[in-house]
Amino acid sequence: MSKHLPGEEDHTQRSQQDREHGKEHDGHGHESDKHGNGGHSGEHGDHEGHEGHSPGMFRDKFWFSLVLTLPVLFWSAHVQMLLGYDAPQFPGAGWIPPVFGTAVFLYGGLVFLKGAWGELRDRLPGMMTLISLAIVVAFIFSWIVHIELLDAKALWWELSTLVTIMLLGHWIEMRSISRARGALDELAKLLPDSATRVTDEGEETVPVDDLRDGDLVLLRPGESVPADGVIRKGESTLNESMLTGESQPVKKKEGDEVIAATINGEGSLHIEVTGTGDDTKLSGIMRLVSEARKSKSRAQHLADRAARILTGVAVLSALLTLIVWQLLGASIDFSIIRVVTVLVIACPHALGLAVPLVVAISTTLGARNGLLVRDRRGLEEARMLDTVIFDKTGTLTLGEFRVVEMQVAEGEKEDDLLRIAAGVESESEHAIAQGIVATAKDRGIDIPSSEEFRAISGKGVRASIDGITYFVGGPALLDEEDANVPESLRSAADSASGRGQAAIYLLRDGRALAVFALADAIREESREAIDALHDLGIEVAMLTGDAKAVAKSVAAELGIDTVFAETLPEDKASKVEELRREGKKVAMVGDGVNDAPALATADIGIAIGAGTDVAVEAGHIVLVRSDPRDIPGIITLSRATYRKMLQNLWWAAGYNIVALPLAAGVLSAWGILLSPAVGAVLMSASTVIVALNAQLLKRVEL
C-alpha cells in the first residue's frame, strides 16, 4: 500500500504524467501542488499559471526581489525628490534603477508572464494577463525613456515595487489556501511505513506496501493502524477523530472493524487485513475530498465569469484612460502611469480567490466533522432545503431488533427478567432472540449460561437457568403451554402489536412473568437530529417499506411530519419526485442499495457512510459517522459557506467600482493620484481581506 493516496503522487510519476497529460490547475492561474506544498485545488482544463510552484517559491522570490528593489528606490530621482534627500553619486549610479529594475522584472515578474501566456493560450485572459500587461508596459516604457527615445520619467521604482508587492500578495494567498487544505492532506502521513506481520514462523516487520488481504498484523499500544481490517484477538480503544470527527476514543473488541491511519490506545490487537492501498477507507475519503475540490460550484462559475468580464473592463478602461489623458494634454509618462495603475488595481485577484478559498476551507471543515462532500453543488444547495426525507431502517433506526418496552408481573424486576430471557435466548440465532440478548448487553447485564436449550418450532425456545426451566416465545407459545397471563402483560402485548412491534413472553411454571416489545431500535441520535432540523425550519419525512402501524409508531416517537409507508424499493424515487413537484427542495438520506435511485433523484442525496458502496456513490454528501445529527450540520455549513462566498464576491467586485476611477485619475484635480505601487498595495489588501474573511468560516460550529 503506497502512502501516496488519491490526490498525491510521487515526483517521478508526476513528471511523467505532466508530460503526457498536461498539468492540473486551479481557476485563477495557480497549479495545484499535490505534495502539500500549497497551491490551489485544481480543475482540469483551467488555464496554466504558476507551474510547479509553491508558497515557498513566492516567499523566496519576494525576499530576493525586495532586496533588489531597495537600491532602485534609493537611487530613484522621483523618490529622492519626494523624501528630500540626495543619493550618493558615482560613475554608473544612473544605471542602478534600470539594471536592478530589469533584474526584478526578469526574476520576480517571470512567473506572471508565464501565467499570462497560459491564460492567453487557453483564451481565458485574467489576473495574470493584467499583471503582465502592467509590468510589460512599465518595463518597455522605462527603457524607452532611459535610452532617451522619449522625454519622460522612467517607471523603474514603480515597476520594482509593483512586482515585489504582487509577489507578497501571491505568497500570502497561496499560503492561506495551502493551510486550508493541508489539514486533510496530513492524513496520508498518519499511515506507518512498516507493520508487524504475524506468520506461522513468528513475527516479522514488513513495509506497509507488502501487506495483502488476509494477512494478520500485530498492533501494539500507540501505533497507527497500517490497513483496514478486522480484530481477531484483543481489545483496545482507537482514536478515529482524524477520520470520523468523533472526539472520544472508540472501544474495539474481537470482530470489530478498524480503519487505516487511526491510532491504537493501550491494548494490543491482532488484526486481519481486509483493505490495502486504494481500497482503504482513508483512500476513499481522500478520493471523495479530491472530487469535491474539483467540482465547481455555481458561485465559482459566477466568479469565473465576473473575473473574465472584469479583465475586459480593465483593458478597455486602460485604453480609455490613455486616450482621454492624451486628449487632455497630459504628458505621456503621466498617461502611462495611469494606464499601469488601472491595469494593476483592476486585477481580479480577490475575485478569483473569493470562492476557491471558501471552498477549500469548507471542504476541509466538513471532512473534519465527518461530512464528505462528493459534489460541491450538493453542499451549496443544502442552504435552500425545506424537506429532508429519511429512509427508516439503518438510518433513523439501527436496523436491528431491540427491546423498546417491557412489562413485568407484579413483584418482579425488569433487569432480573431481562437477564433470564437473554440467557434463554443466548443460543438462538433468531433476529428477535439476538435483539433480547443485545438489549441486555446494552444495559450492562451479565448474561447467564443456559442448559437443556431446545427450540419449539414456530413458537419459541426453552432452556434452564440456575436449574429452573423457562420458556420464551410469541403468542402461540401461550396456547402451547396453557399459560396464565396477567392482564397488565396482555394489555402491554396488545399495545405493542397495535404499533407493529413483536410481543415476546417469558414464562415459568405456566405463568407469564414479562412481555417484551421488540422493534427495529430507534437511534438515540435520531431524536436530536430531527429536533435540530425542525429548529432550522426544515420539514422531516420518512420513507419505509414497513407496515403503516410500524411507520406511524416510529414517526410519532420522533416527531416526523410526513410518512410514506409500505413503499416498494422501486417506488422510493417516485415519492421523492412527488415532493419535488410540489415545489419542495428535497434531501434524501439513505444507506441501502434500494435507496440509490431516491438519492440520485433528490436535489441533494446524503448517504450514510456505513451503508453500501452504491448508496455512497449515489449521494452528493457522505456522513462518515453514520450519525443523522450531522445532517443539520450540512445545512449550517452550507448557509455559512454561501454567506462567506457572497461577502467575498461583493467585496471583490465592489472594491473595483471605487478603485478603477481612482486609478484612472478622476480626482487628480484635487491632488489625489494613485501610483502603480499604491494600486498594488490596495489590490493586495483586497486579496488579504478576502482571505481573512474566508478564514472566519473555521469558527462555524457544526
Side-chain angles (χ1 to χ4, degrees), residues 297-298 366 371 373-397 522-523 525-546 548 550-592 594-608 611 615-616 618-623 626-643 702:
S297 64
R298 291 178 180 175
L371 310 175
V373 182
R374 294 190 67 248
D375 187 331
R376 287 294 318 171
R377 280 169 288 192
L379 179 61
E380 182 177 325
E381 294 179 5
R383 65 188 176 84
M384 299 184 288
L385 287 175
D386 52 33
T387 304
V388 174
I389 305 175
F390 286 93
D391 171 59
K392 182 184 79 70
T393 305
T395 304
L396 293 176
T397 65
I522 293 174
R523 294 174 182 265
E525 315 91 76
S526 297
R527 296 178 175 83
E528 295 180 42
I530 290 169
D531 288 344
L533 287 171
H534 283 151
D535 290 342
L536 291 170
I538 307 295
E539 180 182 340
V540 180
M542 185 177 72
L543 197 57
T544 179
D546 285 348
K548 291 182 179 179
V550 176
K552 288 182 178 179
S553 173
V554 173
E557 188 168 351
L558 293 176
I560 291 172
D561 306 299
T562 305
V563 178
F564 297 104
E566 299 178 359
T567 304
L568 297 175
E570 58 268 27
D571 294 333
K572 287 188 174 183
S574 64
K575 294 296 183 184
V576 173
E577 187 59 40
E578 181 182 318
L579 290 176
R580 293 186 66 199
R581 284 197 299 269
E582 294 176 7
K584 298 181 183 295
K585 194 76 171 179
V586 179
M588 173 69 195
V589 186
D591 73 330
N594 58 19
D595 296 325
L599 289 170
T601 302
D603 294 292
I604 301 170
I606 302 173
I608 295 293
V616 169
H620 296 91
I621 300 171
V622 180
L623 304 185
S626 302
D627 189 338
R629 290 177 299 184
D630 288 335
I631 294 167
I634 294 171
I635 298 169
T636 300
L637 179 60
S638 174
R639 292 177 179 178
T641 299
Y642 191 74
R643 278 198 305 271
L702 302 182

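Considering every non-hydrogen atom in both P632 and A529, the closest pair reads CG-O, 3.8 Å. Across all their heavy atoms, K585 and M384 have their closest contact at CB-O, 3.3 Å. Residues V576 and A602 share a closest heavy-atom pair of CG1-CA, 3.6 Å. Listed here is the closest heavy atom pair of G378 and I604: O-CD1, 3.3 Å. When all heavy atoms of L599 and M588 are compared, the pair lying nearest together is CD2-O, 3.2 Å. Between V540 and I560, the shortest heavy-atom distance links the atoms O-CG2, 3.4 Å.
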### Task
List the steps and the verdict of side-chain contact (heavy atoms from CB on, under 4.5 Å) for E582 and T387.
CA-CA 11 Å; E582 294 176 7; T387 304; over 6 Å; no
### side-chain contact (heavy atoms from CB on, under 4.5 Å) between T544 and T567, intermediate numbers included
CA-CA 6 Å; T544 179; T567 304; over 6 Å; no
### Task
Could you walk me through whether R580 and E577 pass the salt bridge (Lys or Arg N to Asp or Glu O under 4.0 Å) test, one step at a time?
CA-CA 5 Å; R580 293 186 66 199; E577 187 59 40; 3.7 Å; yes
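When atom types are taken as modelled, the side chain of T397 and the backbone of K392 share a donor-acceptor pair closer than 3.5 angstrom. Checking side-chain atoms of S638 against main-chain N and O of R383 turns up a donor-acceptor pair under 3.5 Å.
If you take CG on L385 and NZ on K584, they are separated by 12.0 Å, rounding to the nearest 0.5 Å. The CD1 atom of I634 sits 11.5 Å away from the OG1 atom of T641 when rounded to the nearest 0.5 Å. For the atom pair CG of L396 and CG of L558, the computed distance is 6.0 Å after rounding to the nearest 0.5 Å. Here the CZ-CG distance, from R523 to D627, works out to 7.5 Å after rounding to the nearest 0.5 Å. Between I608 atom CD1 and T395 atom OG1 the span is 5.0 Å, to the nearest 0.5 Å. Separation of atoms CZ (R629) and CZ (R527) is listed at 12.0 Å; rounding is to 0.5 Å.
Under the 4.5 Å side-chain criterion, counting only non-hydrogen atoms from C-beta, F390 is in contact with I631. With contacts defined as side-chain heavy-atom distances shorter than 4.5 Å, the pair K572/D391 qualifies. Side-chain contact between I530 and H534 is present, with at least one heavy-atom pair separated by less than 4.5 Å. Taking the side chain as every heavy atom from C-beta outward, V563 and V554 never approach each other to under 4.5 Å.
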